[in-house]
Amino acid sequence: MSIRILLADDHAVVRRGLHVMLSTQGGLELVGEASNGIETLELAERLAPDIILMDLQMPVLDGLATMERLRDNGSQAKVIVLTSYADQDHVLPAVRAGARGYLLKDVEPEDLIRAIRRVHEGKIELHSEIAGQLLELVTAADHPAVEPQLPAAKPGASPFGELTRREREVLELLASGKNNKEIAAALYISEKTVKTHVSHVLDKLGVPDRTQAALLAVKHGQ
């Protein structure tokens, strides 16, 4: 089945360019176009897209507020932010609002197509500059004010509910930017044991690597 895509951008030229590019790709179906947040909400409810490519700066209702409304409405669509803004004032709120991808508008067409497919598969896609910013935010040694505090371990209440106490400790240290050797020293355990805990953390959180685990911690940190 094709991946159903909704475009949300107030610039007609941008929508036209994406329309032309997406129409040449097998397995992708452009089902609608919106020029503001309210239109996006209406089309998302009516068309049930799999992916929404969304700009952050839109009239009537901006991208961030639109994502929050989509989440509150129970939309199953996965949002990929496609914007010109790479600063932390836009990035972190978008990730916390539920964006599964954050790309800049200078992205190469093949990279955008790959991101759409990967997000549809349940993965997270971030521009390299964005990923670097988010990792900086969780480096506790340099930014103690934003050190992620993981939610209480209540099964079913958060993605961290299945983690043991030790695995949560490992994740917090991992999210603070420490490597396996540093984690081992901090917890007085062997590096081999750290590797085992990290493997269990990735499996339980359903993420492919340490970076995605750290980003998940950021998203749910308060």
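What you see is a predicted model, and the numbers here were worked out from it, not measured in a lab.
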Side chains of Val198 and Val170: does their closest heavy-atom pair fall under 4.5 Å? yes

Between the CD atom in Glu45 and the OG1 atom in Thr40, the distance rounded to the nearest 0.5 Å is 13.0 Å

Tell me every residue that passes side-chain hydrogen bond (donor to acceptor under 3.5 Å, both in side chains) with Glu125, counting only those two or more places apart in sequence or in another chain. Arg118

Check for me, please, whether Leu43 and Ile116 land in the same ILVMFWY cluster - side-chain distances under 4.5 Å, paths through other members count. no

If hydrophobic clusters are built from ILVMFWY residues whose side chains come within less than 4.5 Å, do Leu64 and Leu103 share one? no

Shared ILVMFWY cluster between Leu6 and Leu112, side chains joined below 4.5 angstrom? no

With side chain to side chain contact (heavy atoms under 4.5 Å, CB included) as the criterion, how do Ile51 and Val119 come out once you've worked through the C-alpha distance, each side chain's angles and the decisive distance to 0.1 Å? CA-CA 8 Å; Ile51 299 289; Val119 168; 3.7 Å; yes

salt_bridge(Arg114, Asp111) N-O dist < 4.0 Å: yes

Does the side chain of Glu167 come within less than 4.5 Å of Leu171's, by heavy atoms? no

My understanding is that only residues two or more places apart in sequence, or in another chain, count here; which of them pass side-chain hydrogen bond (donor to acceptor under 3.5 Å, both in side chains) with His19? Glu33

Please check this pair: side chain of Thr193 against backbone of Ile189, looking for a donor-acceptor N/O pair closer than 3.5 Å. no

So which heavy atom on Ser35 is nearest to which on Pro59, and how close? O-CD, 3.6 Å

Any non-hydrogen side-chain atom of Lys195 less than 4.5 Å from a side-chain atom of Asn180? yes

